[in-house]
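Please read the structure below before turning to the comments.
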Number of protein chains: 2
Amino acid sequence: MVTIKDVAAHAGVAFKTVSRVVNNDPTVKPANRDKVLASIEELGYRPNRAAQMTRRKKSGVIGFIADELLRVPYTFDLIRGAQDLAWKNNKELMVLNVNVDKYSVEGAINHLLGHRVEGIIYAAMYHREVTLPEQLTPVPTVLANCFDPSKRFASIVPDEKEAAREITAKMLNKGYRRIVFLNLNENIIAGQQRKAGAEQAFAEHKGKNCELHIESVIIGEEGNERSVTRQRAAELIENFKPDAILCGQDPMAVEVYFVAQSLGLKVGENIGIGSFDDWDIIPTLLQPSLTTMALPHYDMGQWAINYLLNERTDIVSQTAKFNLINRDSF
Amino acid sequence: MVTIKDVAAHAGVAFKTVSRVVNNDPTVKPANRDKVLASIEELGYRPNRAAQMTRRKKSGVIGFIADELLRVPYTFDLIRGAQDLAWKNNKELMVLNVNVDKYSVEGAINHLLGHRVEGIIYAAMYHREVTLPEQLTPVPTVLANCFDPSKRFASIVPDEKEAAREITAKMLNKGYRRIVFLNLNENIIAGQQRKAGAEQAFAEHKGKNCELHIESVIIGEEGNERSVTRQRAAELIENFKPDAILCGQDPMAVEVYFVAQSLGLKVGENIGIGSFDDWDIIPTLLQPSLTTMALPHYDMGQWAINYLLNERTDIVSQTAKFNLINRDSF
DNA sequence: CTGAAAGCGCTTACAG
DNA sequence: CTGAAAGCGCTTACAG
């Protein structure tokens, strides 16, 4: 490849002058700058990043460990949010996709340490707690969509409770009175906190004749979950007679749409349906399109990058607000 | 950060000996190796990759340009396939997500050139032709899920025709006789080639009383497509009276399941349904679960990496076979 | 405004 | 088996 000295020879200047042009040093005489720029163009010169890094002693790289992230489509927005802001600040994002069997977290960290990353974002597939190895100590680290129970790292997670409160309140305000919340597994944080949020909305509403039924329809221990959504949705429609159903995630809503149709109910007319996630194309694939609380993955990715760029060291536990995407299902 | 000299001082050897240990040079005396290893461990030393790269004059990095890839969930398997093999060969994959408005292809290439990548994989979101800028010339490049009409680069794309032939033949062999193929837009390659594949299956089958109706239900020009799946599915079930429907992509199958249910048809009993893609969780979310031709993205990612690792320069046009995922819908 | 020297943290090539 | 020297392609720090 062509080096800085090749360019210098071609342009008839010292290689230090080429370096100045490349780094936008304003003290270069315009005539020389033009000569150098022309030579760079003609030779197709690009500064060797590895050489720049070794001399500068700064890598300009931020590491992103994606823990099983990429099995769920919308989680990619975490990376997108981080990447967009990183580039704006002339930083690179080095993304490592980690999964238990293939590439251990320790391996990923060692890898990033070898690149002298200036910070690490660790992001999880779903909102949960994580315990990271001690190795991380030398590098500023921030957690996204997960948190450290021992408070060694700052973190940002979705505000599950407020999301459930908001969409439940919206249902109540629209006049729905008998709401079934088909919740996620209550073993996970989202399931626990959303339950509290839905209950809070009912407590605040104080409407008469309002009733809320909450039930987990993703059951079983981690790694062995199964959905009883269809069965329970059908039974609850029969027995509880809800006028609205709130689903723990958009795929669940697909199942509920099928159940509703099979029972002769029209979504958005005889029964309102709401959900969480804004999962890929599912919400607009459904008819009527699904009103859902979109997970704030993009925002969390941006917040995490900003935390590192601003060289913060405070151990905050930040929450990010979901975005209500209004469509036609309630 | 701790350097090779810090380790040398700590272990009481020359820094060149540390270098030998790090690079698994067998000529180091075991006693010294152990001392060095202990010091590395104690000081938490990791070789500086940037310094290694500048001196070695090889980056060990392969670039991956993902053209709008990450808006469709299964396309991530392209990256996964490439990454798994790259790591096995001690190469790193530098993934750049490109989209028209944010980060131009030229920008991505310049970026990768700055890192002195040893090769570039360019992958597109859907099977199509691409024209890449001249800049790429200095670096070995291979295309995945897209191809270069001017034959400057080798490429691998899904074998659309064979996939359609295979699944259609399977339907015929199972005894289905009146098949509707709700095709993708015929403006795109997949739409064209799959049509030919389905027709070939019928031509080869030679069964009596067999009839095939093919129709695009994603219509309109690029960037302005819309689906008329539900409407046409309902009309065709009424008029053509198919015993099986083949869908151009799994999301379309979701719509057809709704139509079938609304018309009192039971999928897998009164009507068979097949599809293409194996799109995220959709096939197993449906009941009965959806038999579909899975796109060979993982395989294509691996093939592309292998092409680069083997330092091939032949301009081949490779195709990759879809995988038939047998479930319960026909 | 420009250049020659020194140095970043490593590996290569050579000497012992 | 080990080490001192030279060098990778740059930037830093200094001199003019």
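What you see is a predicted model, and the numbers here were worked out from it, not measured in a lab. Reminder, nothing fancy here: chain letters follow the sequence lines and each chain counts from 1.
- In this structure, the side chain of Asp6(A) engages the main chain of Thr3(A) through a donor-acceptor pair within 3.5 Å.
- In this structure, the CG atom of Leu43(B) is 16 Å from the C1' atom of dG9(C), given to the nearest Å.
- In terms of position on DNA chain D, the residue among Pro26(B) and Asn48(A) whose nearest nucleotide sits closer to the 5' end is Pro26(B).
- Annotation: proximity of residues 5-25 of chain B to DNA chain C (heavy atom, distance under 4.0 Å) is found for Phe15(B), Lys16(B), Ser19(B), Asn23(B), numbered in ascending order.
- Residues Ile4(B) and Ser19(B) meet the side-chain proximity criterion, which asks for heavy atoms closer than 4.5 Å.
- Between the P atom of dC10(C) and the CD1 atom of Ile4(B) lies a distance of 5 Å, rounded to the nearest Å.
- When side chains are defined from C-beta on, Val157(A) counts as touching Thr319(A), because their heavy atoms get closer than 4.5 Å.
- Contacts between residues 49-59 of chain B and DNA chain C, defined by a heavy-atom separation under 4.0 Å, are made by Ala51(B), Gln52(B), Thr54(B), Arg55(B), Arg56(B).
- In terms of heavy-atom proximity, Asn145(A) sits nearest to Met300(A) at OD1-CE, 3.7 Å.
- Judged by distance alone, with hydrogens and angles left aside, the side-chain atoms of Glu118(B) form a donor-acceptor pair with the main-chain N or O of Gly60(B) at under 3.5 Å.
- Pro158(A) and Phe322(A) get closest at one heavy-atom pair: CB-CE1, 3.5 Å.
- Mapping Thr27(A) and Arg46(B) onto DNA chain C by nearest heavy atom places Thr27(A) closer to the 5' end of the strand.
- Closest approach of Val105(B) to Pro133(B), counting heavy atoms only: CG1-CD, 4.2 Å.
- For the pair Arg128(B)/Asp67(B), a side-chain contact is recorded, criterion being any heavy-atom separation below 4.5 Å from C-beta on.
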Fill in the dot-bracket string of DNA chain D, one character per base: . for unpaired, | for a pair to another strand, ( ) or [ ] for pairs within the strand, taking Watson-Crick or G-U pairs under 3.5 Å. |||.||||||||.|||
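- Tested against Tyr74(B), the residues Tyr298(B), Tyr126(B), Trp279(B) include a single ring-ring contact (aromatic ring centres under 6.0 Å, His included) partner, Trp279(B).
- Rounded to a whole Å, the CG atom of Asp34(B) is 15 Å from the C1' atom of dC1(D).
- Nucleic acid contact class of Arg33(A) (heavy atoms, under 4.0 Å, all strands): none.
- Annotation: side chain of Asp77(B) is not in contact with side chain of Leu295(B) (no heavy-atom distance under 4.5 Å).
- The aromatic rings of Phe76(A) and Phe76(B) lie tilted to each other, with the angle between the two planes from 30° to 60°.
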